[in-house]
Visitor: 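Here's a structure for you.
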Amino acid sequence: MLENVVEEIREFSRKSGVHRKKVLVLFSGGKDSSLVLYLLKKAGLDVSALTFFHRWSWRETLNWAMRFTKNLGVEHYLVDITDGLLREATGRKGPVCINCKKVMLWNAKWFALNNGFDVLAKGDNANDKIIGALLDQCKTDIRLCEIPRIGVPFFRPLIKYPAEVVERLAEEAGIRPYRMYEHARRRQWREGCPLQYIDREEIVTKELMDLAYRVNYEVSRIARRRKVRVSVRVPSFEIMAWGPDEETLGEVREVIKKFRGDSNAPVRKAEERRSS
């Protein structure tokens, strides 16, 4: 299957002219963006990686991403967006992810334009919700979208493949990203950063961002050791977990106690109450 997809990308790139372009992959270090980087490299495209990080990013996943690009033999750019994220997010209601994506998108545009890249690539698959996004303006093949507001076309090699196919392709390619064992937004591995666990409707502050990182970093160490997915919302300290036992919950409550002063945190077990 993997070789067929590589050949399909190679053929599409020839027809669309992407094979003559410099391609910059928005590379988070997750499975989808890692697979895109791998496939474009195998298809013989002129490809590089761009990773955004901030002071609350997981350092473990960033280190994995840097090793991955080194082994793959592609140039890898790292851009710190801490200042921009603080300007966009603080003083507003959550979720922070909306503000972060805005900062990353415009930074990606100007980085590409200023460094001679012709195309931006993303790891979107067929299961990703794109309604209302800039990429909905695509009027041709959804794999390659010209967006006037951005000025740089977006290439999405996986957009026609459902998540389960992407999983199989990544497994065949031997791509196994570092996991923090976050709860994430849905059952598929959708890790990101701890700022996504700031309670909705909460006014975002730097102190709240720091708290989300500190609590969830300690919780992730428990979750990774026990191979159970757990995260904690702040400042409510609601525990979200996939299949935890009482011993795991007890350890998580002890972490919460350090930050809140008590351990009577509400628990949302995903098997009983599916989070959106």
Side-chain angles (χ1 to χ4, degrees), residues 24-30 32-33 48-63 65-66 76-117 119-124 128-137 145 147-154 180 182-185 190-220 231-238 259 276:
L24 184 64
V25 175
L26 302 186
F27 177 54
S28 68
D32 291 2
S33 62
S48 299
L50 174 64
T51 299
F52 295 110
F53 69 96
H54 47 71
R55 63 178 293 171
W56 304 279
S57 298
W58 301 128
R59 290 300 183 265
E60 290 84 351
T61 56
L62 183 59
N63 290 338
M66 292 168 66
H76 189 179
Y77 300 93
L78 305 176
V79 176
D80 187 344
I81 60 168
T82 299
D83 291 343
L85 180 57
L86 281 169
R87 285 194 302 269
E88 288 292 329
T90 53
R92 302 183 183 185
K93 290 184 178 180
V96 174
C97 302
I98 294 173
N99 308 113
C100 193
K101 287 178 181 177
K102 179 180 177 181
V103 172
M104 288 192 291
L105 178 62
W106 292 105
N107 271 277
K109 166 189 173 176
W110 290 112
F111 187 93
L113 292 175
N114 290 330
N115 290 279
F117 289 96
V119 178
L120 289 169
K122 293 176 88 271
D124 296 348
D128 287 318
K129 182 179 179 182
I130 59 170
I131 295 174
L134 281 172
L135 289 175
D136 285 341
Q137 299 174 20
C145 296
I147 305 174
R149 284 178 59 189
I150 299 299
V152 182
F154 273 91
M180 297 297 292
E182 293 179 57
H183 175 270
R185 291 174 295 171
R190 282 289 179 180
E191 298 192 330
C193 87
L195 300 186
Q196 66 181 304
Y197 303 115
I198 294 175
D199 288 316
R200 287 182 177 273
E201 302 304 314
E202 195 71 28
I203 298 297
V204 177
T205 64
K206 178 179 175 296
E207 291 72 25
L208 200 53
M209 296 161 89
D210 289 341
L211 180 63
Y213 176 84
R214 292 169 62 202
V215 171
N216 280 285
Y217 187 78
E218 291 201 30
V219 167
S220 73
S231 297
V232 174
R233 292 191 186 277
V234 296
S236 67
F237 289 98
E238 178 187 28
F259 292 95
S276 59

Visitor: If you look at every heavy atom in A65 and G29, which pair is closest and at what distance?
Guide: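 So the minimum-distance heavy-atom pair works out to CB-CA, 4.1 Å.
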Visitor: Check whether S48 reaches the backbone of L24 with its side chain - one donor and one acceptor, N or O, closer than 3.5 Å.
Guide: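 Judged by distance alone, no pair lies under 3.5 Å.
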Visitor: Does Y197 form a side-chain contact (heavy atoms from CB on, under 4.5 Å) with L211? I'd like the steps, not just the answer.
Guide: CA-CA 10 Å; Y197 303 115; L211 180 63; over 6 Å; no
Visitor: Just how far is it from atom CE of M104 to atom CG of N107, taken to the nearest 0.5 Å?
Guide: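 Going from CE on M104 over to CG on N107, the span is 9.5 Å.
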Visitor: How far does CG of D124 sit from OG of S33, to the nearest 0.5 angstrom?
Guide: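 D124 CG to S33 OG: 10.5 Å, rounded to 0.5 Å.
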Visitor: Which distance, rounded to the nearest 0.5 Å, do you find between the NE2 of H76 and the CE of M66?
Guide: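 Taking NE2 in H76 and CE in M66, the distance rounds to 7.0 Å.
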Visitor: Where do L26 and K122 come nearest, in terms of heavy atoms and distance?
Guide: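 Scanning both residues, the minimum pair turns out to be CD1-CG, 3.9 Å.
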Visitor: When rounded to the nearest 0.5 angstrom, what is the spacing between CD1 in I198 and CG in L208?
Guide: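 I198 atom CD1 to L208 atom CG measures 4.5 Å (nearest 0.5 Å).
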Visitor: Please report the shortest heavy-atom distance between C193 and W58, naming the atom on each side.
Guide: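 Shortest heavy-atom separation between C193 and W58 comes out as CA-NE1, 3.8 Å.
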Visitor: Indicate the ring-plane relationship of Y217 and Y213, choosing parallel, tilted or perpendicular according to the 30° and 60° boundaries.
Guide: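 Because their plane-to-plane angle is under 30°, the rings of Y217 and Y213 count as parallel.
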Visitor: I'd like to know if the side chain of R214 reaches the main chain of A212, judged simply by a donor and an acceptor atom lying under 3.5 Å from each other, with no hydrogens or angles considered.
Guide: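 No.
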Visitor: For the NZ atom of K101 and the CG atom of L105, what is their distance to the nearest 0.5 Å?
Guide: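 Nearest 0.5 Å value for the NZ-CG distance: 11.0 Å.
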Visitor: Does F111 have any ring-ring contact (aromatic ring centres under 6.0 Å, His included) partners at least two apart in sequence or in another chain, and if so, which?
Guide: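 By the ring-ring contact (aromatic ring centres under 6.0 Å, His included) rule, F111 matches Y77.
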Visitor: Please report the shortest heavy-atom distance between T51 and F27, naming the atom on each side.
Guide: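 Reported closest heavy-atom pair: OG1-O, 2.7 Å.
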Visitor: Can you name the nearest heavy-atom pair linking S57 to F53, along with the distance?
Guide: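 Closest heavy-atom pair between S57 and F53: OG-CA, 3.5 Å.
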Visitor: Given the rule in the side-chain contact (heavy atoms from CB on, under 4.5 Å) test, do L78 and L62 qualify, once you have shown the distances and angles that lead to the verdict?
Guide: CA-CA 9 Å; L78 305 176; L62 183 59; 4.0 Å; yes
Visitor: Quick check: do D199 and P235 have side-chain heavy atoms less than 4.5 Å from each other?
Guide: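 Sidechains of P235 and D199: in contact.
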Visitor: Looking at every heavy atom in both Q196 and C97, which two are closest together, and how far apart are they?
Guide: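 That closest heavy-atom pairing would be CB-SG, 3.6 Å.
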Visitor: Testing T82, N216, V96 one by one against W56 for a side chain to side chain contact (heavy atoms under 4.5 Å, CB included), which residue passes?
Guide: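 Output: one option passes, namely T82.
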Visitor: Does H54 reach the side chain of V103, with side-chain heavy atoms less than 4.5 Å apart?
Guide: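 Not in contact.
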Visitor: Step by step, would you call R55 with D210 a side-chain contact (heavy atoms from CB on, under 4.5 Å)?
Guide: CA-CA 9 Å; R55 63 178 293 171; D210 289 341; 4.1 Å; yes
Visitor: Just list the side-chain donor-acceptor pairs under 3.5 Å for residues 83-95, sequence neighbours left out, or say none.
Guide:
residue : atom : partner : partner atom : Å
T90     : OG1  : L86     : O            : 2.5
R92     : NE   : E88     : O            : 3.2
K93     : NZ   : E201    : OE1          : 3.3

